[in-house]
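What you are looking at is a predicted structure, and each value in this text was computed from that prediction instead of being measured.
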Amino acid sequence: MKIRSIKMREAHKSSNGVGSFCSVLWDQQGEHIVTASSSDSSICIQDAFLPANPPKIVRHHRDGVTALALSPNFTCLASGSVDHSVKLYKFPGGEFETNITRFTLPIRTLAFNRSGTMLAAAGDDEGIKLINTIDGSIARVLKGHRGSITGIAFDPKSEYLASVDSIGTVMIWELQSGNTIHVLKGIAPVIGSDFSSMNIVGWSPDGELLAVPGLKNDVVMYDRDTAEKLFSLRGDHVQPICFLSWSPNGKYMATSGLDRQVLIWDVDKKQDIDRQKFDNRVTCMAWKPIGNALAVIDIMGKYGIWESAVPSSMRSPTENVPVLGSKNGHGLLFFDEEEENPSASGSLSDLGEDSHGESEPFSRKRLRKQHSFDDGWEEDAKEEFELLPKAEPRKKAPHGHRDSSDNKRNELKNVPISAGQKMQEAFQPGTTPQLPGKRRFLCYSMLGSITAMEHDGYSHIEIDFHDTSSGPRVPAMTDYFGFTMASLNENGSVFANPCKGEKNMSTLMYRPFSSWANNSEWSMRFEEEEVRAVALGTGWVAAVTSCNFLRIFTEGGLQRHILSLDGPVVTAVGYKDELAVVTHASPPLPSNEQILEFRVFNIRNGIQPRRGRLPLTPGSCLSWFGFSEEGHLSSFDSKGVLRVFTNQYGGSWLPLFSASKLKKPEENYWVVGLNTSKLFCVICKSPDYFPEATPKPILTLLDLSFPLASSDLGAENLENEFIMNNMHLHRIQSTIEEMEAAGEDTSLLDDEAFNTDAALDRCILRLIASCCNGDKLVRATELVKLLALEKSVKGAIKLVTALKLPNLAERFNAILEERLNKETTGSTIPASTELKCDTSFNAQAALTKSHFTAESSKRLELESSPSQNLLAPSLTKKRSLEEPTKDVNMDTENARARKLEMAREFKNAFDLKNSKKLKDEKDKADEVKDARKLENANKLEDGEDKNGEANKVTTQRPSNPFAKSSNNKQSASFLDSLKKKVKTDR
């Protein structure tokens, strides 16, 4: 045979020259080639006709991509990764659609069934997830393997699923029941932990044969139904086979071995007809759907196309392709909602998530999850499974009238209230309205989600955590109560429903995720009392009812407290020990403005630390209420304004986001949560206010910012940063005070406060530059008074000097000199009263300065800053009592050097100004300067006399961040030198 050269092109770079598993796919028309590598987080969509053109890069995974799969209609691309996630994209555009599922360990293989209604995913978790592509639900988890699952393949007739693991075990599953019908142990090579090559299985296109790599460097064929060994393909491979691929018509097979060879086989004749030797091992291959070509990719991330892989004298690999009776070839409903009804076969969304090989009866009721069927259906389950369902309008449930009223009520709960004086109804944060035949959210938070799908009087509920590594794996449950709301935390979930039945009874149920006891789940029922909102916290469960009762239970179900609220409840949320409840304080105003009140309860201590009115934008209602990731109470109204509660000014709400500032009226924001700087939400296109549960919504992160007025400086971003840093600094201050009161270590917060203070000073300096450029010198003077660090004030002086503003430089020098004078006199009066317009910031700067450590000061390299002044007040006092002489001497030298330096700078600034004036103006300026110096000197002497005695007893750290300890003797020497200098100048 003639060996032909195949040109290989680099698609992915190898990691440090080490090979990794790479994947390759063709699209339906042979126009695109898709490649991926387990050492690269990107997916490349190559142009097959113009390979020299740069590929389209898709980057959404955080780690290497280990598996690819294309839907049968070639409109959806699925990818699995080492980062444990499975993602879906539109194809060939590559637009990200959704995270369809997550695992706790890396994913190794993906596969769509023939109709495209199901996606199978597996990997190191040792379980196979069957995902219903119609609504994104987990139809079943198949468990039985004892090693990493490296290959899966759907039977083309949609009856079986074959899988193989890293220890060589092949299992064949029946999709209808979820049972294993054949387990073939040790028939494939053992690959161990080397995932640069993986075991694989492949069904022939007609579904009659299952091909598996054998133990003798061959491929073994097994019967579809009996799993009996029929024959093997053995040829020139001298090492085990690591990949195989059937041609579209099933007449040929391509195999790749660890010996770096690729062989083409005539399956009927059981002999190889062509071969190709490569420089590196080929990890994946794909036949072109049209024509005669084979795409290959090696462990170094290089791909190539083997043209005429089958000799031209033989039948084409795409001739006479078997046509099976596919019940629906349209594939996914994610991207085409107008497509025909999906096939019942392979769609297992109605089955329980955890299946350990136990058979469940397949009933007509289960098949009606998405559609109702006509009365002509056969009762036999097997015949019903094979028939194509005919869709018709959905039949009403047994309690149709009640469900209809519940639907309307749920919609009213979650949309802005209409005009007229109507009180807003209660709602559960993160809940979406119930729509017939569609999945809905009972809860969606920063932690995870709870979804429900209602059909025929009961619901299928699933609990998913966004980060599967932090949350437990919770099996799905069947809901016979009709729950409409839920809440979720790390320990469990709570559910509630409205009043139902003849007794008009409402049910509350708590379901812990783990417990030492077998029966730890519990429920409570309330007659003639409806649960309106639920919440969870650390060790407690809360429910607020239509009787205005706040009922608090322990995790074990003990009824702990029952409190009466002042008005009808609007919503409730929990965070650790705190429970926040919003109620109506009075009927709405004639302008339809809601009058709401919030109360915060500390369940552990039995106290109510906060209570007050809840502000809303005029004409709006409350649409979300909750705690931030840091535990700050927050609210979001229907006008798009986010407010966060702060202890400033006796307790106030700060507006940290306004949708009107984004100027996108066509968008509505469904809030999920927030942290210090970002708002997490789902953007819904108007007129929708809520996302659909399937496909899973995509979270959007928006920056928090105050709704500032348009400034004449045009520096709104800097002003917003300034206010945000102030707010953050105030929160740190409050936390430090609380921790100090509790005797806890605050060293970490001290460093954070120092960094925030430094960032705030940098922001102020940029604002000063903007003010100077905009000729707002008064505003610049106000800003320099807000600088907390002496080094920053010096920087401001240098800045205005460089901008040739001597008058402003003189004022900045005077401000700095005033601070030095106060430190010299030992005054403990805080300068914040005169220098700072924000009262809260004054306390922040003083407290932050008091907690700076010597290590932090070295990082900022403060010039000539004594270490004593950077210690906490208590340590300063202790050191001053133990080593008074040493501290006084140190302060004396530092203070003297600082004063001399500032005097030189002060004089240089005046010399620069006076050199530009006429002789007579210079004389006049000198007289004014001398008078000012004498006046300051007299003031210093008076202050020195008054405070001399106090300085002899102890050296106390002043609250001013620039103040330095000193004594009378050193101050007098400085004053004498200053007076002599004035006389000399005269």
Side-chain angles (χ1 to χ4, degrees), residues 411-417 424-433 441 443-447 449 485 487 533 535 569-575 578 580-584 592-600 610 612-646 652-691 697-707 720 724 727:
E411 293 180 13
L412 288 175
K413 289 179 182 179
N414 294 279
V415 299
I417 55 179
Q424 179 181 357
E425 293 194 36
F427 72 94
Q428 185 71 27
T431 301
T432 57
F441 286 117
C443 173
Y444 195 100
S445 66
M446 298 286 283
L447 181 64
S449 64
M485 68 189 76
S487 186
V569 66
V570 177
T571 190
V573 292
Y575 177 80
E578 292 192 336
V581 180
V582 178
T583 59
H584 287 278
N592 200 33
E593 294 183 22
Q594 303 291 309
I595 309 299
L596 305 181
E597 182 183 53
F598 75 95
R599 301 171 68 179
V600 178
R610 292 184 292 278
R613 291 291 176 89
L614 183 67
L616 295 174
T617 305
S620 70
C621 65
L622 184 64
S623 60
W624 179 84
F625 191 71
F627 288 91
S628 69
E629 286 189 340
E630 297 77 22
H632 302 296
L633 198 60
S634 311
S635 70
F636 190 81
D637 63 34
S638 58
K639 295 291 186 180
V641 177
L642 174 74
R643 296 174 175 87
V644 177
F645 186 82
T646 177
S652 301
W653 291 85
L654 304 180
L656 292 184
F657 176 82
S658 178
S660 62
K661 291 292 182 179
L662 299 181
K663 298 180 180 180
K664 294 182 179 179
E666 74 280 1
E667 293 182 349
N668 296 316
Y669 302 96
W670 192 69
V671 174
V672 175
L674 68 152
N675 59 17
T676 304
S677 59
K678 299 290 183 180
L679 173 67
F680 294 77
C681 64
V682 178
I683 297 179
C684 304
K685 297 296 182 182
S686 183
D688 295 332
Y689 288 92
F690 316 98
I698 300 174
L699 284 182
T700 300
L701 276 65
L702 301 175
D703 292 328
L704 298 183
S705 62
F706 285 88
N720 180 75
M724 291 290 289
M727 180 187 69

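For the pair Ser635/Leu622, a side-chain contact is recorded, criterion being any heavy-atom separation below 4.5 Å from C-beta on. At a threshold of 4.5 Å between non-hydrogen side-chain atoms, the residues Pro615 and Arg643 count as touching. Taking 4.5 Å as the limit, every side-chain heavy atom of Phe657 sits out of range of all side-chain heavy atoms of Val644. By the 4.5 Å heavy-atom criterion applied to side chains, Leu614 and Val570 are not counted as neighbours. A heavy-atom distance below 4.5 Å is found between the side chains of Leu699 and Val682. Contact annotation: the side chain of Leu704 never approaches that of Ser677 to less than 4.5 Å [non-hydrogen atoms, C-beta and beyond]. Looking at Phe680 and Val671, their side chains never come closer than 4.5 Å, going by heavy atoms from C-beta outward. For the pair Lys639 and Ser660, the minimum side-chain heavy-atom distance is 4.5 Å or more.
When all heavy atoms of Glu593 and Pro618 are compared, the pair lying nearest together is OE2-CB, 3.6 Å. Gly673 approaches Trp624 most closely through the heavy-atom pair CA-CZ2, 4.1 Å. Heavy-atom minimum distance, Gln424 versus His584: O-NE2, 2.8 Å. Scanning both residues, Phe598 and Arg613, for their nearest heavy atoms gives CE2-O, 3.6 Å. Nearest heavy atoms, Ser638 versus Ser623: N-OG, 3.9 Å. Heavy atoms only, all atoms of each residue included: Ser634 and Phe625 are closest at O-CD1, 3.3 Å.
Atoms CD1 and OH, from Ile683 and Tyr669 in turn, are 5.5 Å apart once rounded to the nearest 0.5 Å. Once rounded to the nearest 0.5 Å, the distance linking CD of Glu629 with OG1 of Thr676 reads 8.0 Å. Remark: Leu674 CG to Leu702 CG distance equals 11.5 Å, nearest 0.5 Å. Here the OG atom belonging to Ser658 is positioned 11.5 Å from the CG atom belonging to Leu656, to the nearest 0.5 angstrom. Between the CZ atom in Phe690 and the OG1 atom in Thr431 there is a gap of 10.0 Å [rounded to 0.5 Å]. Taking OG of Ser628 as the reference point, atom CZ of Phe645 lies at 13.0 Å (rounded to 0.5 Å).
Between Asp637 and Thr617, the side chains place a donor N or O and an acceptor N or O closer than 3.5 Å (distance only, hydrogens not considered).
Partners of Glu667 under the salt bridge (charged side-chain N to carboxylate O under 4.0 Å, His left out) rule, at least two apart in sequence or in another chain, are Lys685. Taking the side-chain hydrogen bond (donor to acceptor under 3.5 Å, both in side chains) definition, one finds that Tyr575 meets it with nothing, sequence neighbours left out.
Around NZ of Lys678, the count of heavy atoms belonging to other residues, nucleotides or ligands within 6.0 Å exceeds 12.
Between Phe441 and Trp670, the ring planes are parallel. Angles under 30° get that label, and only those over 60° would be called perpendicular.
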